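Report on one structure; see the data block that follows.
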Amino acid sequence: MKCMYCGCTESKVIDSRSTEEGRTIRRRRECMQCGRRFTTYETIETTPVLVIKNDGTRQSFDPNKIKNGIIKACEKRPVSVSKIDRLVEDIKKQVYNSLEQEVSSKRIGEMVMDGLREIDEVAYVRYASVYRQFTDISSFMRELETLMQHKDGNSNEKQPE
């Protein structure tokens with residue numbers, strides 16, 4: 001790290017502390033040439049991820065939009081904020097761990113629905129009704145039947161033989 005006072009590239013770290021929930025490290029340094037002290041911050045560099053919308057436009061990935069949609073789906077349901085935060089964090093990790101610079105809104109919607117299916121079935125159906133844009137009762141009933149089959153499949157797996 002280059003000293004801001006004399007330009008020397010040699011310095012030693014005197015103190016390191018985590019800040020911002022562990023996402024940034026604050027380092028107190030001392031220049032080996034002039035002896036003056038200065039502070040540096042180290043953060044993880046993230047590559048921006050773009051979301052490809054259904055109309056082909058692109059916008060920056062924003063986990064807050066996902067959280068707001070999940071909150072709406074979970075309104076008046078017994079779903080804690082910590083469960084919602086965990087789901088948003090899981091989706092965020094999946095998006096960034098894919099190492100793709102672009103992800104479709106369809107893929108993100110599927111991740112949300114997969115998570116909501118496990119958390120709360122009513123919230124899942126609410127989210128699916130908006131996400132899948134049901135045009136009639138029969139398409140809505142098909143989604144409910146799929147949910148029931150998924151539920152029956154999971155309950156059969158949990159029963160001992």
Side-chain angles (χ1 to χ4, degrees), residues 1-133 143 147 150-151 154 157-158:
M1 187 61 59
K2 195 175 189 178
C3 174
M4 59 186 285
Y5 302 107
C6 70
C8 178
T9 57
E10 298 291 320
S11 65
K12 66 180 178 181
V13 176
I14 298 168
D15 182 39
S16 289
R17 294 183 188 186
S18 258
T19 61
E20 293 183 33
E21 300 169 7
R23 288 183 258 182
T24 303
I25 297 175
R26 178 185 178 269
R27 298 197 194 278
R28 193 74 183 136
R29 297 177 177 270
E30 184 177 321
C31 177
M32 299 301 283
Q33 184 172 319
C34 69
R36 294 183 77 179
R37 294 182 176 187
F38 57 98
T39 303
T40 60
Y41 292 90
E42 181 180 318
T43 59
I44 295 173
E45 183 178 22
T46 57
T47 56
V49 175
L50 296 179
V51 176
I52 304 170
K53 306 293 280 182
N54 289 333
D55 64 1
T57 60
R58 286 164 171 74
Q59 59 182 234
S60 295
F61 174 67
D62 184 1
N64 289 324
K65 286 185 178 183
I66 295 169
K67 185 175 182 176
N68 291 336
I70 294 171
I71 288 171
K72 283 181 187 174
C74 294
E75 197 169 284
K76 296 184 182 179
R77 298 295 306 154
V79 178
S80 68
V81 174
S82 65
K83 282 185 179 180
I84 293 170
D85 287 340
R86 245 179 309 196
L87 176 56
V88 171
E89 195 60 35
D90 288 346
I91 293 167
K92 197 165 112 175
K93 285 179 185 174
Q94 286 179 55
V95 168
Y96 285 118
N97 287 341
S98 73
L99 303 177
E100 299 289 326
Q101 290 184 316
E102 295 182 334
V103 63
S104 70
S105 59
K106 180 179 168 71
R107 177 69 190 120
I108 292 172
E110 294 296 329
M111 288 183 221
V112 172
M113 289 196 337
D114 289 346
L116 282 176
R117 185 183 295 124
E118 302 301 319
I119 292 173
D120 187 90
E121 292 172 345
V122 173
Y124 166 80
V125 171
R126 285 178 178 171
Y127 189 88
S129 68
V130 173
Y131 175 71
R132 295 242 166 96
Q133 298 176 344
E143 186 66 34
L147 177 62
H150 182 268
K151 184 178 178 182
N154 283 346
E157 291 172 8
K158 293 178 184 174

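Everything quoted here is computed from the prediction, not taken from an experiment.
Residues E118 and K83 have side chains not in contact (no heavy-atom distance under 4.5 Å, counting atoms from C-beta outward). A 4.5 Å side-chain heavy-atom check between P78 and D120 finds at least one atom pair inside the cut-off. Residues I84 and C74 meet the side-chain proximity criterion, which asks for heavy atoms closer than 4.5 Å. Under the 4.5 Å side-chain criterion, counting only non-hydrogen atoms from C-beta, E89 is not in contact with R86. Residues S60 and L50 form a side-chain contact, since some pair of their non-hydrogen atoms from C-beta on lies under 4.5 Å apart.
Atom OG1 of residue T9 and atom CD of residue Q33 lie 9.0 Å apart, to the nearest 0.5 angstrom. Summarising the geometry, atom SG belonging to C3 is positioned 10.0 Å from atom CD belonging to E30; distances are rounded to the nearest 0.5 Å. To the nearest 0.5 Å, atom NZ of residue K67 and atom NZ of residue K92 are 10.5 Å apart. In this structure, CD1 on I52 lies 13.5 Å from CZ on R107, to the nearest 0.5 angstrom.
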**Asked** For M32 and K12, what are the C-alpha separation, side-chain angles and deciding distance, and is it a side-chain contact (heavy atoms from CB on, under 4.5 Å)?
**Response** CA-CA 7 Å; M32 299 301 283; K12 66 180 178 181; 4.0 Å; yes
**Request:** Carefully, step by step, assess R77 and I119 under the rule side-chain contact (heavy atoms from CB on, under 4.5 Å).
**Result:** CA-CA 10 Å; R77 298 295 306 154; I119 292 173; over 6 Å; no
**Asked** Could you go step by step and tell me if I66 and F61 meet the side-chain contact (heavy atoms from CB on, under 4.5 Å) rule?
**Response** CA-CA 9 Å; I66 295 169; F61 174 67; 3.5 Å; yes
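Across all their heavy atoms, I25 and S16 have their closest contact at CG2-CB, 4.3 Å. Contact record, E100 with V49: O-CG2, 3.9 Å, taken as the closest heavy-atom pair. The two residues R29 and I14 have their closest heavy-atom pair at C-CD1, 4.0 Å. Scanning all heavy atoms of the two residues, the minimum distance from S105 to N54 falls at OG-OD1, 3.6 Å. Taking each heavy atom of V88 and P63 in turn, the nearest pair found is CG1-O, 3.9 Å. Between A73 and L116, the closest heavy-atom pair is CB-CD1, 4.2 Å.
With sequence neighbours excluded, the residues satisfying salt bridge (Lys or Arg N to Asp or Glu O under 4.0 Å) with R27 are E42. Legend: residues meeting salt bridge (Lys or Arg N to Asp or Glu O under 4.0 Å) with R58, ordered by chain and number and at least two apart, are E102.
Ion pairing of R117 with D114 is present here, as a side-chain N (NZ or NE/NH1/NH2) and a carboxylate O approach within less than 4.0 Å.
Screening D15, T39, T40 for a side chain to side chain donor-acceptor pair (under 3.5 Å) with R28, the sole residue that qualifies is T39.
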